[in-house]
Amino acid sequence: MLLAGVASLVSGALPLPAFDALAGRTVPILAFVLAMSLLTELLDEAGLFKVVTDRLAGLGRGRVFLLWLLVVALATVTTVFLSLDTTAVLVTPVVVLLAVHAGIQPLPFALTTIWLANTASLLLPVSNLTNLLAQDALGLSPLGFAGTVWAPALVGVVVPLALLWLAFRKDLRGRYRPQRSPAVRDRPLLVIAAATLLVLLPALVSGVPVQYPAIVAAAFLLMVFLWRRPSVLRWSMVPWRPLMLTVGLFMVVEALHANGLTALLAGTAGQGESLPALLHLAALGAGAANAANNLPAYLALEPVAGSPARVAALLIGVNLGPLVTPWASLATLLWHERLRALNVRIKWSGFALAGLVVAALTVPLAVVALWLASGMP
């Protein structure tokens, strides 16, 4: 995809002025993604996610349902503050292993992490790359962004959880035996990592451009690792492939817009902020995300959204809707890789059918919540 983007630039399909504007908008976002990816990998190496899940196992007091609720809280908080990819990549394995070691059916816990990774990723700009793009387009502060989407974001958590409970209520009954946790390998490193995260979280919603606190936190923790555990540092901590894919998608979609995509989509996306118009745009976003991927779906449709309410409806579609196809979001593909490594099998046919039900209920209910909370006629 990066080669396709470079080819569009070299061929002139992506004009230089459009490329300059695109770079000015997306380089800070990509810097944030890079810094947060490195930071979360370092937090994982410090053992933070493992310690948190071990604490959850103790707090569950041997009750499977209570443990599930605690996992729900972990996946939601991680998605909201550290992004959906962090939940898919780092929370999934520790949660699934927690279930396996406790003798619990892992599928409800695995589905909880991936559904919430997508559907809980609406509240803050840092929750999803699409949100960062939308925040930039709308010029909103993090709290202003949250004030716009809080109602559909709540629906995006509650509805999938209700459906999960209905589907797996028998598996979520009963008791489990918590396992004894191994000793922390480097407690000072763990404490420093946790403190770094605690300082970072409020900085991400302070209104300061998010790339700056993320870069500072990642650089600080990297220096700490160079001091205490340099042997664990590796180039694979940097997400080269997703970054190159993202850059290529940015360039290709911008080239398409420069050659008439906006005019082509203008008639398809409809107009206005009535409830039917918002439902139409959200459904179009969800369909495009499942057909291609949520990032190009958002990039393609953003220019025809036009207003904060319509951008929010589009975000509902591309964030809460990509639950059907495995390629609808990068988080789903990363989640599946982690499950394969843990020898947990997923049938894509069953995944698609269940995801279709969840998306078909969650997306329109979230749009209705947006419409009601906005007080639109």
Side-chain angles (χ1 to χ4, degrees), residues 65 68-69 71-76 78-80 83-85 87-88 91-92 95-96 105-123 127-128 130-131 149 151-172 278-294 297-298 312-336 338-339 344-370:
F65 182 69
W68 178 68
L69 290 179
V71 167
V72 165
L74 173 64
T76 302
T78 304
T79 299
V80 169
S83 88
L84 72 168
D85 293 337
T87 301
V91 175
T92 294
V95 166
V96 169
Q105 165 65 257
L107 183 58
F109 291 82
L111 283 178
T112 296
T113 57
I114 192 54
W115 283 358
L116 287 178
N118 287 288
T119 64
S121 69
L122 190 61
L123 184 61
S127 308
N128 199 320
T130 56
N131 297 358
V149 300
L154 181 61
V155 171
V157 173
V158 172
V159 174
L161 291 182
L163 294 173
L164 274 165
W165 180 81
L166 285 173
F168 294 105
R169 58 189 181 277
K170 292 183 179 179
D171 294 311
L172 296 175
L278 297 179
L279 286 167
H280 173 78
L281 182 57
L284 184 61
N290 282 292
N293 178 268
N294 64 336
Y298 175 81
L314 174 58
L315 285 175
I316 289 171
V318 300
N319 286 16
L320 278 58
L323 303 176
V324 182
T325 59
W327 57 82
S329 77
L330 178 62
T332 303
L333 294 174
L334 296 173
W335 169 82
H336 185 244
R338 290 300 189 270
L339 291 185
V344 176
R345 297 184 179 275
I346 295 292
K347 291 184 178 180
W348 285 119
S349 58
F351 178 89
L353 181 59
L356 180 61
V357 172
V358 175
L361 290 173
T362 306
V363 170
L365 288 174
V367 174
V368 171
L370 170 69

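Please read these numbers as outputs of a predicted model, since none were measured by experiment.
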Donor-acceptor under 3.5 Å ([X] side chain, [Y] main chain):
| X | Y | value |
| --- | --- | --- |
| Thr78 | Thr87 | no |
| Thr92 | Ala88 | yes |
| Asn118 | Gly321 | no |
| Asp171 | Gln105 | no |

Quick one: closest heavy-atom pair of [X] and [Y], and the distance?
| X | Y | answer |
| --- | --- | --- |
| Val96 | Ala110 | CG2-CB, 4.1 Å |
| Leu320 | Ala366 | CD2-CB, 3.7 Å |
| Asn128 | Ser121 | ND2-OG, 3.1 Å |
| Pro322 | Thr332 | O-OG1, 4.3 Å |
| Trp327 | Asn293 | O-ND2, 3.1 Å |
| Val363 | Ile316 | O-CG2, 3.8 Å |

Rounded distance [0.5 Å steps], [atom1] in [X] versus [atom2] in [Y]:
| X | Y | atom1 | atom2 | answer |
| --- | --- | --- | --- | --- |
| Ser127 | Leu122 | OG | CG | 8.0 Å |
| Leu74 | Thr112 | CG | OG1 | 11.5 Å |
| Ile114 | Leu333 | CD1 | CG | 9.0 Å |
| Thr76 | Leu116 | OG1 | CG | 4.5 Å |
| Leu339 | Arg345 | CG | CZ | 12.0 Å |
| Leu284 | Leu279 | CG | CG | 12.5 Å |

- Query: Do the side-chain N and O atoms of Asn294 and Ser329 include a donor-acceptor pair separated by under 3.5 angstrom?
  - Reply: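 Per modelled atom types, Asn294 and Ser329 side chains form no pair under 3.5 Å.
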
- Message: Quick one, Val157 with Thr119, criterion side chain to side chain contact (heavy atoms under 4.5 Å, CB included). Give me CA distance, side-chain angles, the key distance, then yes/no.
- Response: CA-CA 6 Å; Val157 173; Thr119 64; 5.6 Å; no

- Would you call Thr130 and Leu315 a side-chain contact if the rule is heavy atoms closer than 4.5 Å? yes

- Task: Taking the side chain as every heavy atom from C-beta outward, state whether Ile346 and Leu107 have any atom pair closer than 4.5 Å.
- Result: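 Answer yes - side chains close enough.
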
- Item | Set of side-chain hydrogen bond (donor to acceptor under 3.5 Å, both in side chains) partners for Asn131, sequence neighbours left out | Asn319

- Message: Go through it in stages, so that I can follow the logic: the residues are Trp115 and Leu161, the test is side chain to side chain contact (heavy atoms under 4.5 Å, CB included), and I'd like the CA-CA distance, side-chain angles, deciding distance and then a yes or no.
- Response: CA-CA 9 Å; Trp115 283 358; Leu161 291 182; over 6 Å; no

- Task: Using side chain to side chain contact (heavy atoms under 4.5 Å, CB included) as the criterion, list what pairs up with Trp165, not counting sequence neighbours.
- Result: Phe65, Trp68, Arg169, Leu172

- Item | Geometric class of the Trp335/Trp348 ring pair [parallel <30°, tilted 30-60°, perpendicular >60°] |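 Answer is perpendicular, since the angle exceeds 60°.
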
